[in-house]
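Both ligands and their constituent atoms are indexed starting at 1 by order of listing. This is a predicted model, so every value here is computed, not measured.
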Amino acid sequence: MAEPRLAGKVALITGAASGIGAASARLFAAEGAKLILTDVNEAGAKALAAEIGGGALGFEHDVTSEAAWDMVMAETSVAFGRLDVLVNNAGIGRATPILETSLAQWREVISVNLDAVFLGCRAGIAAMKEKGGSIVNLSSILGLVGSPLTAAYAASKGGVKLMTKTLALEVAQNGWKIRINSVHPGYIDTPMVAGAISRAPDAAQRKAYLISQHPLGRLGRAEEIAAGILYLASDASSFMTGSELVIDGGYTAR
Ligand SMILES: NC(=O)c1ccc[n+]([C@@H]2O[C@H](COP(=O)([O-])OP(=O)(O)OC[C@H]3O[C@@H](n4cnc5c(N)ncnc54)[C@H](O)[C@@H]3O)[C@@H](O)[C@H]2O)c1
């Protein structure tokens with residue numbers, strides 16, 4: 001039997017209570033990782049950690065809080081004494097017309113989707129610079145191409161894409177063996193997208209439209225993104241850094 005792909009590795013996944021984060025947690029556990037699962041939804045993170053077992057830990061963690069990052073990194077150090085993989089997955093989706101978008105709404109999206117990835121990368125690099133590791137940042141197809149109604153979301157995800165490249169170069173220049181890559185999903189059938197569809201004036205039409213934008217003719221599944229995150233987290237991608245892994249059913253191929 002093949003060696004589990006994350007055997008002996010300690011991995012921290014943010015936003016792990018739902019969707020892509022939860023699917024990644026389950027896959028990482030099956031591949032031998034020791035897990036720290038965090039989410040602003042404390043009950044969800046703890047429930048998933050308990051379900052997974054094997055010493056997995058669940059913590060309340062608002063990724064926009066510097067103090068919360070300090071707490072989570074300290075807990076990780078106490079529990080496992082190391083960190084090998086960080087997945088900056090927590091995020092929020094918002095779609096509003098530009099003339100109805102308040103500065104507070106803009107800042108909320110930038111704070112969770114971009115500021116928090118900066119905080120996570122800074123904490124992860126500090127923790128991994130001696131022994132090396134892998135950081136995976138969740139961007140989006142909307143970090144690659146535009147789409148109406150998503151100014152803040154697209155700005156945040158485009159920011160994640162270029163912050164990822166810049167930090168990948170900086171850690172390499174410093175001789176730290178940390179790889180940093182971004183993942184760019186198309187529309188994936190998670191609570192984030194289900195919620196957006198249900199809020200549309202005509203939900204069935206909105207879902208059909210989103211499906212029609214993917215040449216493969218369907219929305220993606222969280223497990224299909226988790227498979228890409230696993231690849232970037234594992235040593236299978238040992239020559240990848242500063243790269244964009246697009247998993248989008250062909251959305252951006254046109
Ligand atoms: N679903 C998609 O179509 C899609 C497409 C491209 C990119 N993404 C990105 O993938 C990531 C995961 O998305 P998902 O679809 O699984 O979403 P989801 O809504 O199912 O899960 C997101 C999780 O993040 C948590 N979260 C939100 N704000 C937080 C905060 N401040 N601190 C900590 N946790 C917080 C939520 O509680 C939730 O558990 C996000 O970064 C999202 O932008 C998703």
Side-chain angles (χ1 to χ4, degrees), residues 12-27 36-49 58-69 71-72 86-95 107-121 123 136-145 147 150 152-161 163-164 182-199 206-207 209-211 213-214 216 218-226 228-229 232 244-249 251-252:
L12 193 168
I13 302 174
T14 69
S18 176
I20 293 167
S24 300
R26 291 191 173 94
L27 183 58
I36 304 99
L37 306 178
T38 78
D39 204 292
V40 73
N41 171 4
E42 180 180 13
K46 287 192 183 320
L48 184 59
F59 292 108
E60 179 181 14
H61 178 202
D62 178 347
V63 289
T64 65
S65 159
E66 270 189 295
W69 273 105
M71 183 279 291
V72 164
L86 168 63
V87 183
N88 285 308
N89 166 77
I92 55 175
R94 298 283 187 270
R107 284 183 172 152
E108 181 193 21
V109 173
I110 298 295
S111 173
V112 178
N113 290 2
L114 182 58
D115 295 354
V117 178
F118 152 71
L119 291 175
C121 286
V136 183
N137 294 328
L138 266 291
S139 179
S140 169
I141 49 171
L142 299 184
L144 301 172
V145 297
S147 177
T150 64
Y153 186 83
S156 72
K157 294 301 186 179
V160 167
K161 180 186 78 163
M163 180 168 53
T164 298
S182 56
V183 175
H184 300 257
Y187 283 84
I188 310 304
D189 192 5
T190 67
M192 178 186 282
V193 166
I197 289 172
S198 70
R199 285 189 296 274
R206 179 68 185 157
K207 185 168 186 181
Y209 171 76
L210 290 178
I211 288 172
Q213 297 305 295
H214 298 76
L216 289 186
R218 62 176 175 84
L219 303 182
R221 296 189 301 274
E223 293 74 18
E224 293 173 312
I225 307 307
I229 295 171
L232 291 174
E244 302 154 24
L245 183 57
V246 179
I247 311 174
D248 70 351
Y251 187 107
T252 56

Interatomic spacing from SG in Cys121 to CG in Leu86 - rounded to 0.5 Å: 6.5 Å
Counterpart residues, salt bridge (charged side-chain N to carboxylate O under 4.0 Å, His left out), relative to Lys207 (two or more places apart): none
Polar contact flag, side-chain donor to acceptor under 3.5 angstrom, Asn137-Thr164: yes
Side-chain donor or acceptor of Asn89 paired with backbone N/O of Gly15 under 3.5 Å: yes
Donor-acceptor pair, side chain of Ser182 and main chain of Leu138, under 3.5 angstrom: no
Anything under 3.5 Å between an N or O on ligand 1 and a protein N or O? List each pair with its distance, or write none.
from	atom 1	to	atom 2	distance (Å)
ligand 1	1 (N)	Ile188	O	3.4
ligand 1	1 (N)	Thr190	OG1	3.2
ligand 1	3 (O)	Gly186	O	3.3
ligand 1	3 (O)	Ile188	N	2.7
ligand 1	15 (O)	Thr190	OG1	2.5
ligand 1	16 (O)	Ile20	N	2.8
ligand 1	20 (O)	Ser18	OG	2.6
ligand 1	31 (N)	Asp62	OD1	3.0
ligand 1	32 (N)	His61	O	3.4
ligand 1	32 (N)	Val63	N	3.0
ligand 1	34 (N)	Val40	N	3.3
ligand 1	37 (O)	Asp39	OD1	2.6
ligand 1	39 (O)	Asp39	OD1	3.4
ligand 1	39 (O)	Asp39	OD2	2.6
ligand 1	41 (O)	Asn89	O	2.8
ligand 1	41 (O)	Lys157	NZ	3.0
ligand 1	43 (O)	Tyr153	OH	2.7
ligand 1	43 (O)	Lys157	NZ	3.0

Cationic N near anionic O, under 4.0 Å, Glu108 to Arg94: yes
